[in-house]
Amino acid sequence: MVARRFRYLAASNAARIWQGRLASTMTSSYRAPMANVSTPRYKAPIHLFDNNRNHTWTLLEACLDLNNFKRAESLILALENITQSSDLTMAVNMYLRKFIDTNPDRNQDVVDWLQLIKLKMPNFEPNEVTDALMLRNACLALPRSHSLLTKALSTLGKPKLISILNQRELLDVETVKQVVEYSQLDIQELSTPIQQLLQDDMSPLESTEIEDTNTVNDDEIVNISDPIAKNDADTLTPTSSIGLASIRYALKGLELNDNNEDHDILKLCALSNTPYSHNLEDINFFEMYQKIENPEDRKQFDAILEKLNIRRQQTLETKGLEAARMRWKYTFQRLVKLDQKSDANISLHSTDKLKWEWFQAMMPLVRKEIEIAKLLAPFPEFNKISTSVLDVLTDKNGYNLTRSEVKYKFFYAPFLLLVNPENLPALTMNELIRLHNQEFTLKSTILMERIGKNVEKEYQLGQQKKSIAGIKTEEASKDAVDLNPKDIETLPAIPHAKWDPETILRIGSLLLKMFISSARIRVSGKDPITGLEVKSTAPAFYHTYKYQMSTKIGIIKCNPNMNDILIGENQTINPQQLPMLCKPKPWTSWNSGGYWYANTSIIRTNNCPEQEAYIDVASSRNQLNAVYEGLNVLNDTSWTVNKNMLQLISKIWNSKETFIDIPAHVEAMPDLSSIPKPARDCDPAALRDYRRKCREVVLKNGSLYSQRCDLNYKLDIARALLGEKFYMPHNLDFRGRAYPLSPHFNHLGNDVSRSLLIFWEGKKLGPNGLWWLKLHLANLFGVNKSNYAERISFVDTNIEKVIQCAEDPLNKNNSWWKTADAPFQALAACIEIREALNCPQGHENYISHLAVHQDGSCNGLQHYAALGGDVEGAREVNLERADKPQDVYSRVLEIVKQKVAKDIIKGQALEKELEGKLTSASQNIKAQIEIPNLVSPILTRKIVKQTVMTNVYGVTFVGAREQISNRLADLPDFPKNKIFSSSAYLAKHVLNSVRELFESAHEIQDWLGMAAKRICNAVVIDKELSENYKSKKSKPKVSSVSAVIWTNPLGLPIVQPYRESKTRAVTTEMQNVYIVDPYSFQPVNTRKQRTALPPNYVHSLDASHMLMTARACANRITFASVHDSYWTHASDVDCLNKTLREKFVELHSTYLIEQLRNEFLQRYADHLEIVRIPADCDLAMEIKEVHLKYIALTKEKSSKTKLRILTASELVDLELRKDKVGSAVDIVRNYDRAKLEQLCAEPTKSSGSQKQKSLKTKSEEEFNDFTNEEEFSDSLDHSANASVSSSKARSIQILVPFYMPPIPKRGSFDVRKVLDSPYFFS
Amino acid sequence: MQNRTLECRKFFPRFRKTGVTLLNYDLGKKISSKLGYDKLTSFHPTVVDAYPECGVFSASLNSTLQPKKHILMEPLKMYSKGLQFLVQDNPKLMYTSNDPYDWTSFKELEEKGYLKEPVVPYSDVHPSLIYTANLVHTHGEQLVAQYLNCMLRRSWLFKYGRVRTLLWMNPKTALKILASPGYQNRARISCIREAVADYRVVIFHESPESQAKAKAKAAASRFQNEREYLTPLIPDSEIDFEKDFPYQNDFALIELIPRDNYIENLDEFEYVVTHLMMRMKVPLRVGLEYLGAGALEDLAPKLPHLINKTPFNMSHDEIMQIVEVFTLWPFKPKLLLDFYEESLLALGNN
DNA sequence: CCATTCTCTACCGACAATATCACTAGGTAATGC
DNA sequence: ATGTTACCTAGTGATATAAGTAATAGAGAATGC
């Protein structure tokens, strides 16, 4: 079963849990095996952490934010039982900080409160933060009362005081000054930075609540609910072309009033000698930039633009919702003015108006909920709600809620009060429409999650805005020349607990339900009796379920009368899903980097606290700096939109026709009437066919619909970013591969996306640049199997076409570019080449922005060959110099062809043998003769390619057969009924061929698979864990505890996340939602761990290679990458090639598999494996004695002490009680390992089991031979006696220390040969 | 025939764990007579016999009914020898290894003329066509459901009329399809059964352990249990299960006979039943929303007496009232079919 | 403990099933002393 | 004030859902006699 995973839950809460876990782990028997390897061990957090805790935490923060100290206090008290001491301290400190800030004059109360807390909670231990807060509290009392400070100082003691004062982040300067002054401390005793600080008299680094100038103020919000109000319509007038793209608006519309920005733009215009325009719509920064010739001026331009863009980025990230709401309102007002006639009707020409109406309809419901929340929020517990409030809520004539409804609402009440209510309908609508524009079916759970998550984001944004506003104004007052990202980076991170999934889903469902129950449209239908048209209004959406196979999913359906009006136009795009306008926040720790206002983890985890915990530890050990640096190189690469391509693709898009891989426009719901509906009493098969046909049409349509929506998104973003300088913030998947955070528009996307992107920075082509551009073009055409000279000559012979295509790509005669493998990128390259050739100063001086790619040829196999030192394999994947690139696919094809040829000969022989009897020969034999002949003529590179490629990912026979059958289905003349058998036949041969060709790679794969299996099947002796097993009703299972974990060469810990997750239901108003429970014990999914380890390990290597190369390119050349495709300017390709080869050599200079084995041995040193050894060997004898003791100890009183084979959980239990019966494992530890391995390898099966096997085959296959009575009865009688021979155990099961068998021997290939291998990457 | 049956008893696989196979020819005869099939002998009905396995029950049926054509459809190779043996020299008894799971197998029977029966109006039960199948296997329940759907549409064999359908099935399946409104196992499929078929329970056998479990469950349940009214024609006490059935598995032998109840607005019926039974324990005032945009506000006023009733408790007649109202609703969804999406296969991107 | 039956089938990015019920543990209210 | 019991609740695990499996194969895990 699959369920919702809450990614965000893990980010902060879980990591904190794990930290705590680690701390306690270190001191107990759970200390990590080796300091340098390791890291916390995965262990189910059993007692300390539960869901309740999460909710309590988040509630605490919410209550504090609402100044609800009473409830906060009761929450802290509740926390005591469910959390550990350090968290408790954190909670109390949060309380204190907030209380002191809010009530600077109630100083005595603060002291009293803390005393009380100390009394009530013995587990609470104040820390330095607490002390610092109390100091601050005491200082605030100063002019009035000195006693508090005196007391505080005396209890604190001098050493502690100095320690506190020396930590700048603990106290504001003012307090430090007061304390120093009052305690008459010698300033010399403090650390130098603090001394300086005191002398400089710098203002305190503390958040001050200064309103951001851009914030929509309350007056405006009040006005918004009034549609007639128009006073702000002028000031908020959006730019003329609203329809262009909403982001354009969000980007530019909101900044009109800012004088600073105008000032900056003025400067930019001056620098680039461009006429100034107040309207940002008209500004194309890229064109301005290109005009500048003087490098100094360019630098200055870049600096000013960066400064301007930092502000714009911040506005963009923080103002998304306000912008959308303003626009709807504006449109609505304008339309009301313009067409009075159709006032109440849906205005098809403006969805904005409709949205505004829905907004207004929903707002009263929101208000009502908020009223309820306000009534409920003050009470610390549900049971303490005063009867008067309860009466009000349950009043039949008032709110009319049931008791359980009140309880349900009480759960999330405080959270509803944290954000601007006006934003709630807006974000609900946005999410619904956004999803509607992505997916064909709107799954209600996705919607609830996204809406709830957005409420949380809205809240956090508000929190962060407050603190940033403080910094910004502070910096501004200092008249800083530019607001360097570095300055913001030093901000203390605002700690906040992530909302728990229950809260998120319940708030999400509440809003969603309010929305769909209020949003209405006009509908028309036909009365089935009268046949007349009936008009009415109806909900625009409704909630229902649908079956997917046999399982049901909750969905939101559109009213069919909506006619797709919400699709396409005027979407709002989440700003944190866009490329960034300024340099991304650099990665400095595992959870700081990327967008400015989002807490992004460096690793994309699917709510796997284990992964986070390992990353966190590695990060705190400064083990990840190389990773950060590499990633920051990718982040700092600036891009812009390729205007030529954007214009072209827009043109194609607007034609709504299919063009290459751009699908034509489709309706969301296709017309099914063209499929004839069979008669009601038709054959069931016919009915099935009809339904299948309908389904195919619907799904095909849905896929086109999604594609079209996706491209629409891309183009929308590209249009908005035209002329902008932007960046792609990246993070990593769990194996370390880098991905841009912007999911829609990025350079990892398809051909269209890639063709829309060019480097912002331009570089002169120089002497080799044109050559590389040509090569690039050839590669994009798929001409990459021939040597360089041939590729270049391919372009040279087609140079006329290149130029024609570049000049008029849509001309029917110039369709050459469409034949390329990647047509749009190819066209972009054609245009670039033409421009270069036309450059008046010569092509060497042409400034090129195009990214030239260098791709590894079968990168996975390259790494395998380097790992195994495989001479032959290395040659096949171009690790060695050759005149011509080796093509793996062609090589495999050759071998397959040979095999097929052999089979044909064999078949001919067979045919002769069976001459005459052929007709009676079995189907099987016929196929043996027929298939090779059938397949032989159609064998092409294309047929084997996918299978060879995916072989690295562990494709199995079934998958390979599927792939090949797809290829065969593409062949028009291939007999359809033979596709299946032919593809099975070919799949077998292809897989065998690859295995033969890359024997060494497969040895490594097999070794890795074996290692994963051993790790996952290993057991851990752990009391807590085994108790957890026992408590469950299910069968005790002691293995499947540890995942496969390793460290990549850059120091990134990699945890394979595949576990069997348990789910938990969250009841919401609409339906139940099932979420993965990260707090339950999740046994590892051994199969997945095993099959995925080889590809993941190799990917972790190629990721390392990429990041190493990126680091080496920093400050020298521009670098971008798509996993194993490295990009740079044409002029720098030589440099890139040199660098990437050097790094490859560096990476493989050690035998990484050996290193991996050592790491495994260390990491799993305290694991034990379950093995079988012959029952009669000396070791077994010794162990049996211990087992016997254990059996005697645990037996029921009545039963006899008789030796039997212990189960795995009993073996573990035995070790737990080893002080009573002695440890069996210790006996094994003293036993010779090599001999032990031999014992394990010894076949435990003797002749007896072979007999059994033959019996089995008989039962299955030769049953038909039972035709005579005796044999029949005979076999009946004996069936019960089959186990006679097995009544004596021939082997016993024991625990042995964890071990890794030796690794395959590394071959003799010298990796340094890649240094002069031209086609390694090409 | 009986002698031959003794022979064919040999042809069952001893290593199976699942399934139910009758080995007692006499019990077979008893079943036939309890069902009154001995009165049909004069019609010499055509018998379509799916998954006869080693054929003991088929033989007994054959002897009782004296069919003009008795078609054994058994795809499993392991039974072929035995069945060949059973049918040899008897032109009225035929054996095919075509899979009754495959609808085309039946088409073939019709096309080749093995299955030639008149269409009998639904006012009477079809006297000369009987379908029997042993569905105690992994896809048995699916087939039972399909047969009920065919009865609903009057397709497949049911285009010939109200064909007696005698099915060996898992007792759980039996409970599910036979559950009355308000009973524990009431489900979508029991609504459909209620609409289209009458039934007789011939045998309802559960092992003592299963029985105990079922009893405990029934006692604890808030709902009534179907076992209360499902009294088998042949009580357990009359059968020696250990002797007569080689694999000790639970089963029920149920006869279904299509009802003379034609449902006009079939699509609407299926749609309404499916969508309401998705959450059968919520009252109609909640569940109506699932039928379409505005269904609740538009349809509720027309069903005031049902609005607080749950679909779980609704009889066929009550469901039909909703179906009628829904059919006449001007704003009902135009497309009454839902399409599930398959997890999309990763396509090679080149 | 071994034989039968079930499950799954290419890595990552990625994106997902729900309703309902019986049972249990743990707490609260009620009641009796 | 404290013990006991009935009652209530939330949480958990189990089970059913729909209703073609269009074909095939082989390994490994789970199940159960």
Side-chain angles (χ1 to χ4, degrees), chain A residues 1-5 7 51 383 438-439 443 445-446 449 545 547-554 604 606 684-685 688 692 733-735 737 739 743 748 860 946 949-963 965 977 979-981 983-984 988 1032-1034 1062-1065 1071-1076 1086-1087 1090-1092 1094-1096 1098-1099 1123 1205 1245 1249 1252-1253 1255-1256 1259-1260 1282-1283 1286-1287 1289-1291, chain B residues 15-18 99 101-103 138-139 141-146 148-149 172 176 184-185 187-189 217 220-223 274 277-282 340 346:
Chain A
M1 184 164 84
V2 203
R4 188 147 305 272
R5 286 183 165 267
R7 215 174 309 152
N51 313 306
N383 294 331
Q438 258 168 40
E439 305 264 341
K443 293 182 184 151
T445 49
I446 294 181
E449 184 199 331
Y545 299 84
Y547 283 108
Q548 185 159 291
M549 303 300 283
S550 66
T551 61
K552 50 192 152 205
I553 52 173
R604 296 169 184 228
N606 244 332
R688 190 218 325 148
R692 196 203 289 151
D733 70 14
F734 70 90
R735 303 152 321 156
R737 278 189 161 197
Y739 300 83
L748 260 71
Q946 195 187 9
M949 198 159 57
T950 52
N951 182 65
V952 185
Y953 306 137
V955 77
T956 59
F957 170 72
V958 175
R961 187 191 57 199
E962 195 63 26
Q963 296 166 351
S965 86
N977 57 340
I979 286 181
F980 194 79
S981 45
S983 52
K988 215 166 232 167
K1032 303 284 183 242
K1033 268 179 257 169
S1034 55
K1062 286 206 179 70
T1063 58
R1064 198 157 49 81
Q1071 62 175 77
N1072 285 358
V1073 181
Y1074 294 80
I1075 61 170
V1076 171
T1086 310
R1087 189 197 187 106
R1090 183 167 50 76
T1091 55
N1096 283 343
V1098 168
H1099 283 324
H1123 306 318
I1205 292 176
K1245 291 183 173 67
S1249 64
Q1252 294 251 326
K1253 239 184 188 161
L1255 210 69
K1256 173 196 163 195
S1259 77
E1260 283 182 347
S1283 61
S1286 65
S1287 64
R1290 281 182 308 277
S1291 65
Chain B
F15 297 98
R16 268 177 70 185
K17 288 179 183 173
T18 55
D99 194 341
Y101 184 83
D102 191 347
W103 300 115
T138 42
H139 296 293
E141 177 154 318
Q142 188 192 41
L143 284 173
V144 175
Q146 310 248 30
L148 288 170
N149 275 322
K172 279 186 177 162
K176 211 170 1 190
Q184 219 173 316
N185 290 293
R188 191 193 77 100
I189 198 69
K217 227 178 173 182
S221 174
R222 309 189 332 255
F223 305 102
T274 304
M277 292 304 278
M278 273 173 173
R279 293 196 69 177
M280 55 184 169
K281 302 287 170 77
V282 298
Y340 60 86

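Convention: sequence-line order gives letters A, B, ...; per-chain numbering from 1.
Across the P atoms, C:dT5 and D:dC33 are found 11 Å apart, a figure rounded to whole Å. Separation of the C1' atoms belonging to D:dA23 and C:dT9 is 15 Å when rounded to the nearest angstrom.
Where pairing requires Watson-Crick or G-U contacts shorter than 3.5 Å, the helical stems of DNA chain D with at least three consecutive pairs are C:2-9 with D:25-32, C:17-30 with D:4-17.
Under 4.0 angstrom from either OP1 or OP2 of C:dT20 there lies at least one side-chain N or O belonging to B:Arg279. The phosphate of C:dA16 has OP1 or OP2 within less than 4.0 Å of a side-chain N or O from A:Lys443. Of the side-chain N and O atoms in A:Lys552, none sit less than 4.0 angstrom from OP1 or OP2 of D:dA18. One finds no side-chain N or O of A:Arg604 lying less than 4.0 angstrom from the OP1 or OP2 phosphate oxygen of C:dC12. OP1 and OP2 of D:dA23 both lie 4.0 Å or more from every side-chain N or O belonging to A:Ser965. Not one side-chain nitrogen or oxygen of A:Thr956 sits closer than 4.0 Å to the OP1 or OP2 atom of C:dC8. At the phosphate of D:dA16, neither OP1 nor OP2 sits under 4.0 Å from any side-chain N or O atom of B:Lys176. Applying the 4.0 Å criterion to OP1 and OP2 of C:dC11, one finds that A:Arg735 has every side-chain N and O outside that range.
One cannot find a donor-acceptor pair under 3.5 Å joining the base of D:dA18 and the side-chain atoms of B:Gln142. At a cut-off of 3.5 angstrom, the base of C:dC21 holds no donor-acceptor pair with the side chain of B:Arg222. Looking at A:Gln963, its side chain comes within 3.5 Å of the base of C:dA10 through a donor and an acceptor atom. Judged by distance alone with a 3.5 Å cut-off, no donor-acceptor contact links the side chain of A:Arg1064 to the base of D:dT12.
Taking for each of A:Arg1090 and A:Phe980 the nucleotide of DNA chain D with the nearest heavy atom, the 5'-most of the two is the partner of A:Phe980. Both A:Arg961 and A:Ala685 lie near DNA chain D, and the one whose nearest nucleotide falls closer to the 5' end is A:Ala685.
Counting non-hydrogen atoms under 4.0 angstrom, B:Phe223 reaches the backbone sugars and phosphates but no base.
Ring stacking is absent between A:Tyr547 and D:dA18, as the pair misses the limits of under 5.5 Å between centres and under 30 degrees between planes.
One atom, CD of A:Gln1071, and another, P of C:dT18, lie 5 Å apart when rounded to the nearest Å.
Side chain of A:His1099, nearest nucleotide from C:dT18, C:dG13, C:dC11: C:dC11. The side chain of A:Arg688 lies closest to D:dA22 when the candidates are C:dC6, C:dA22, D:dA22.
Not less than 6.0 angstrom separates the ring centroid of A:Phe734 from the ring centroid of A:His1099.
Pairing of C:dC12, defined by two Watson-Crick or G-U wobble distances under 3.5 Å, is not identified with any nucleotide.
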